[in-house]
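The structure appears below as structure tokens.
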Amino acid sequence: MNTKNASLTVGKSKKNLEFPVYKGSEGPEVIDITSLYKESGFFTYDPGFMSTASCESSITYVDGEKGVLRYRGYDIAQLARKSNFMEVCYLLLHGELPAKKEFNLFVSEIKNRSLVHEQLQFLYRGFPRFSHPMAIMCGAFASLSAFYHDSLNINDEEQRRIAALRMIAKTPTLAAMAYKYSRGKPFIYPKNELDYTANFLHMLFAVPSEEYKVNKVLAKAMDTIFILHADHEQNASTSTVRLAGSSGANPFACISAGIASLWGPAHGGANEAVIHMLEEIGDIKNIPKFIKRAKDKDDPFRLMGFGHRVYKNYDPRASVLKDTCHEVLTELDMQNNSLLKIAMKLEDIALTDKYFIKRKLYPNVDFYSGIIYKAMGIPSNLYTVLFAIARTAGWVAQWKEMIEDPKQKIGRPRQLYTGHKPRNYVPVGKRK
Ligand code: SDX
């Protein structure tokens, strides 16, 4: 991997240091600065990790300039149109598309773990009914480590495998329970004759008093959405999972930390924020006012669903979601959806505005997903939960890759200290 060296001259003595440069299979080369502090007494400084590769990974590749996203080498648009979420989970976890027999075994192992411990319902009953479902998900997911002691040992390969299956299998059940609890409705058990995504929609919308038939077009749309959200290299929540996992914390606690990080409006919480923004805009004629606010440095308002740390081109997931949005609205006979009209006009205006062009701000994965969810009758406070269901596949795959990396060690960044220099304690009677 080491192709050449990078040199750096540091300090008053102008010491010249050489660092190995590694080239991956795609994307930017990296400079290994592991020895920098030992050799120079200097740290690097990169708040927000704008230029920092935190790890080596073979799971997902993103080219922000070209708007490219691939899982294990497969283009996201191909997977979204030809694969299904269960197959993508297998691909992310194992690195290859499964043969039919492998796929059927994987699906049955997931189905057989979709139930959660009956005691868990009492944890839910401890939350106020008006709790944000993400608050419940953070707590409920971490609590899985209290129930499943036989899959906590991260050094045991079989326990890691079982934990991975449990986390992917149980997330939709926990999510649907959070929704039902917030509505004061009875929990619906998983039905194994349904596939993963249809089963989730059934747990979400079915009631015990009558049969509920899952709409196949909506189930396919949700499955596509899950594929698009499954992984995205070292984003904030995945980095959170890796850092938590690097201390040896149990897998359920690590993914719960990822759920907490995803909740932020700058990250996975943006899909909920997009809908609130579109509803606040309310009418196409108000768009210029909001565009002006988004460009005003003194106004904290940002165009939610726009911009991305890595994509400086159209997010390829947003392109697929735009098509899916039209398919869902057509299926539900909602082509005149006002929010979609505002979103499309907002996109048109922003993409021709020099502020957005100069900063390469394009619609991201969150821009259209909320419109689809709203059309499907899903409440906005559940949108980030849906993102978490899908991203659990990526978090688990990235966590597994990190744990199995022989070079893995606890993550412990340093800092640029700008606080007080040494000073002596002053008794309270002598303080001003
Ligand atoms: C996700 O990392 C991932 O991969 C995340 C994700 C995944 O799959 O895991 O892709 C999912 O989180 C998508 C992003 C969802 N978030 C939003 O839609 C929230 C709105 N977007 C912004 O908050 C912002 O674009 C970020 C947080 C997404 C990216 O921020 P950066 O990379 O730190 O960029 P920045 O804040 O330094 O912005 C650069 C410039 C600034 O202007 P100047 O100081 O140069 O004048 O662009 C401006 C920003 O003010 N800017 C925006 C803007 N986003 C950036 N201005 C108005 N509206 C916006 N949305």
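Ligands are counted one by one from 1 in listed order, and the atoms in each one are counted from 1 as well.
Using a non-hydrogen distance threshold of 4.0 Å, D366 registers as a contact of ligand 1. Using a 4.0 angstrom heavy-atom cutoff, Y355 counts as in contact with ligand 1. Under the 4.0 angstrom criterion for non-hydrogen atoms, A236 is not in contact with ligand 1. Using a 4.0 Å heavy-atom cutoff, R317 is listed among the residues neighbouring ligand 1.
At a heavy-atom distance under 4.0 Å, no atom of E233 approaches ligand 1.
Closest to atom 41 (C) of ligand 1 by heavy atom, among R391, H229, R302, is R302. When G394, A273, A294, A230 are ranked by how near their heavy atoms come to atom 57 (C) of ligand 1, first place goes to A294. The closest non-hydrogen atom to atom 59 (C) of ligand 1, taken over L69, T60, L303, comes from L303.
Between D150 and R166, at least one side-chain nitrogen of the basic residue sits less than 4.0 Å from a carboxylate oxygen of the acidic one, meeting the salt-bridge criterion. Salt-bridge formation is not detected for the pair R161/E157: no Lys NZ or Arg NE/NH1/NH2 atom is positioned less than 4.0 Å from an Asp or Glu carboxylate oxygen. Classification of R81 and D323 as a salt-bridged pair holds, one side-chain N sitting under 4.0 Å from a carboxylate O. A salt bridge does not link R70 to E233: none of the charged side-chain nitrogens sits closer than 4.0 Å to a carboxylate oxygen. Taking 4.0 Å as the cut-off between side-chain N and carboxylate O, K216 and E331 do not count as a salt-bridged pair. Using a cut-off of 4.0 Å between Lys/Arg side-chain N and Asp/Glu carboxylate O, K220 and E327 are scored as not salt-bridged. For K111 and D195, the salt-bridge test fails: no basic side-chain N is under 4.0 Å from an acidic carboxylate O.
Close approach to G305 involves these atoms of ligand 1, each under 4.0 Å from a residue heavy atom: 17 (C), 18 (O). Residue-ligand proximity, A270 to ligand 1, at heavy-atom distances under 4.0 Å covers atoms 15 (C), 16 (N), 17 (C), 18 (O).
Between D315 and ligand 1, no pair of N/O atoms sits closer than 3.5 Å.
Here the heavy atom of the protein found nearest to atom 27 (C) of ligand 1 is A266 O, 4.0 Å. Protein heavy atom closest to atom 20 (C) of ligand 1, with residue, atom name and distance, is F306 O, 3.4 Å. What sits closest to atom 47 (O) of ligand 1 on the protein, heavy atoms only, is R359 CD, 3.5 Å. The closest protein non-hydrogen atom to atom 34 (O) of ligand 1 is R309 NE, 4.8 Å. Annotation: atom 10 (O) of ligand 1 to nearest protein heavy atom, H308 NE2, 2.5 Å. Shortest contact from atom 52 (C) of ligand 1 to any protein heavy atom: L361 CD1, 3.6 Å. In this structure, the protein non-hydrogen atom closest to atom 12 (O) of ligand 1 is H267 ND1, 2.9 Å. If you check which protein heavy atom lies closest to atom 4 (O) of ligand 1, you get H232 ND1, 2.6 Å.
Residues R359 and F306 fail the side-chain proximity criterion, which asks for heavy atoms closer than 4.5 Å. Between I372 and I378, every side-chain heavy-atom pair lies at or beyond the 4.5 Å cut-off.
S114 pairs by the side chain to side chain donor-acceptor pair (under 3.5 Å) definition with nothing, not counting sequence neighbours.
Under the 4.0 angstrom criterion, atom 37 (O) of ligand 1 counts as lacking any protein heavy-atom contact.
Using a 3.5 Å distance cut-off with no hydrogens or angles, the side chains of Y148 and Q159 do not pair a donor with an acceptor. For S237 and N235, the side-chain atoms include at least one donor-acceptor pair closer than 3.5 Å.
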